[in-house]
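Below is one structure, written out as structure tokens; comments come after it.
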Amino acid sequence: KDNKTQDCIEIGSCRGDTTYILSQLFNSVISYERSNENLIDAKNLNKDNNNVTFIQSDVYSDNFELPDNIQVAFLDAGHTAEHLRYDIERVVKKYGDIILIFDDFGQQDKVLRNCIKKAQDDNLLSIDRYIGQNAGFVTANDKKFITAEGVICNLK
């Protein structure tokens, strides 16, 4: 599909590297980041991308609300099983059959893979495509992927 017609949220923008890529692929990107330092870096990296809105927010606070009319969600904020499960459930509940993208799938830590497996078992999502670096890739901080770096779920 021509994704430039779709709007995307990024839950956890960190320093904006993925935000930059998402801005090239989608009509608009709303990116949430808790850290002020990361937000400054993300805004600087994306200063020429007029389709990105950055919002400083703790996405796990009681007053956080997801925006309306989103077709794609990139989830990369909390990395505990509880946060990941919460992110999956609230996004699916709000948007229904939304496309979900996850980073860090291939890391040696199995938390994300286990959460996605559980969400598959509960019929909340299905893995449709593996993306990013492949198994064996070594990151800048010397961590080696044991499978693909990321996954796209619920492609239509």
Side-chain angles (χ1 to χ4, degrees), residues 3 6-26 29-46 49 52-61 64 66-67 70-95 97-156:
N3 293 336
Q6 296 176 322
D7 298 309
C8 176
I9 56 170
E10 180 182 33
I11 307 293
S13 58
C14 195
R15 298 191 182 276
D17 295 313
T18 303
T19 315
Y20 186 88
I21 294 167
L22 295 172
S23 74
Q24 307 304 304
L25 298 173
F26 298 103
V29 178
I30 302 171
S31 185
Y32 298 93
E33 174 57 39
R34 181 178 58 193
S35 163
N36 187 53
E37 180 183 322
N38 283 349
L39 201 60
I40 290 168
D41 289 344
K43 285 180 178 180
N44 187 47
L45 181 63
N46 288 276
N49 296 329
V52 176
T53 302
F54 286 102
I55 299 172
Q56 185 172 8
S57 180
D58 178 354
V59 297
Y60 300 110
S61 72
F64 177 78
L66 293 166
I70 297 295
Q71 295 80 42
V72 179
F74 184 89
L75 303 178
D76 194 23
H79 290 83
T80 66
E82 294 79 20
H83 283 138
L84 289 164
R85 183 66 182 188
Y86 178 73
D87 287 342
I88 293 168
E89 288 177 353
R90 73 173 162 176
V91 165
V92 170
K93 181 180 179 184
K94 169 87 177 179
Y95 303 113
D97 194 20
I98 187 170
I99 296 170
L100 298 164
I101 305 171
F102 297 91
D103 190 23
D104 304 324
F105 184 78
Q107 291 186 0
Q108 292 182 13
D109 179 348
K110 296 179 184 178
V111 173
L112 177 60
R113 285 191 305 284
N114 289 343
C115 284
I116 289 177
K117 172 72 171 114
K118 174 79 170 109
Q120 284 178 294
D121 293 346
D122 294 342
N123 294 314
L124 293 174
L125 57 80
S126 62
I127 295 177
D128 293 299
R129 187 166 298 149
Y130 296 90
I131 58 172
Q133 299 294 337
N134 295 317
F137 178 80
V138 179
T139 66
N141 60 352
D142 242 10
K143 294 187 178 181
K144 188 175 186 177
F145 289 148
I146 59 171
T147 187
E149 179 179 8
V151 291
I152 301 177
C153 302
N154 297 346
L155 285 172
K156 297 168 177 85

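Starting from 1, each residue takes its place in the sequence as its number.
- Of the inter-residue distances, the one linking I11 atom CD1 with L66 atom CG reads 5.5 Å to the nearest 0.5 angstrom.
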Practice prompt. Please test Y32 against E10 for side chain to side chain contact (heavy atoms under 4.5 Å, CB included), starting from the C-alpha separation and ending with a verdict.
Written response: CA-CA 6 Å; Y32 298 93; E10 180 182 33; over 6 Å; no
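- Taking each heavy atom of F64 and S57 in turn, the nearest pair found is CD1-OG, 3.3 Å.
- Going from atom CG of L45 over to atom CD1 of I40 covers 14.0 Å, rounded to the nearest 0.5 Å.
- By the 30° and 60° cut-offs, the orientation of the rings of Y60 relative to Y86 is tilted.
- Between the side chain of N154 and the main chain of I98, a donor-acceptor pair closer than 3.5 Å is present.
- Counting non-hydrogen atoms of neighbouring residues, nucleotides and ligands closer than 6.0 angstrom, the CZ atom of R15 exceeds 12 such neighbours.
- The shortest non-hydrogen separation linking F74 to D76 is CE2-CB, 3.5 Å.
- Distance CD1/I131 to CZ/F102: 10.5 Å, rounded to 0.5 Å.
- In this structure, the side chain of Q56 engages the main chain of R34 through a donor-acceptor pair within 3.5 Å.
- Under the ring pair (Phe, Tyr, Trp, His ring centres under 6.0 Å) criterion, Y95 pairs with no residue at all, not counting sequence neighbours.
- Legend: residues meeting side chain to side chain donor-acceptor pair (under 3.5 Å) with N141, ordered by chain and number and at least two apart, are T139.
- Under the 3.5 Å distance criterion, the side-chain polar atoms of E149 are left unmatched by any main-chain donor or acceptor of G106.
- Atom SG of C153 is separated from atom CD1 of I101 by 9.0 Å, given to the nearest 0.5 angstrom.
- Remark: side-chain polar atoms of E33 are not paired, donor with acceptor, to backbone N or O of L39 under 3.5 angstrom.
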Item to complete: Please test V138 against K143 for side chain to side chain contact (heavy atoms under 4.5 Å, CB included), starting from the C-alpha separation and ending with a verdict.
Response: CA-CA 5 Å; V138 179; K143 294 187 178 181; over 6 Å; no
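- The structure places CD1 of I127 at 9.5 Å from NZ of K117, a figure rounded to the nearest 0.5 Å.
- With values rounded to the nearest 0.5 angstrom, R90 atom CZ is found 8.0 Å from L75 atom CG.
- Between the side chain of H79 and the backbone N or O of A77 there is at least one donor-acceptor pair closer than 3.5 Å.
- With N46 contributing its side chain and V52 its backbone, the two residues share no donor-acceptor pair below 3.5 Å.
- Here the closest non-hydrogen pair linking I9 and P67 is CG2-CG, 3.6 Å.
- In plain terms, the two heavy atoms of V91 and A73 that are nearest each other are CG1-CB, 3.9 Å.
- For the pairing with R85, the side chain to side chain contact (heavy atoms under 4.5 Å, CB included) check across T80, I116, D122 returns one residue only, D122.
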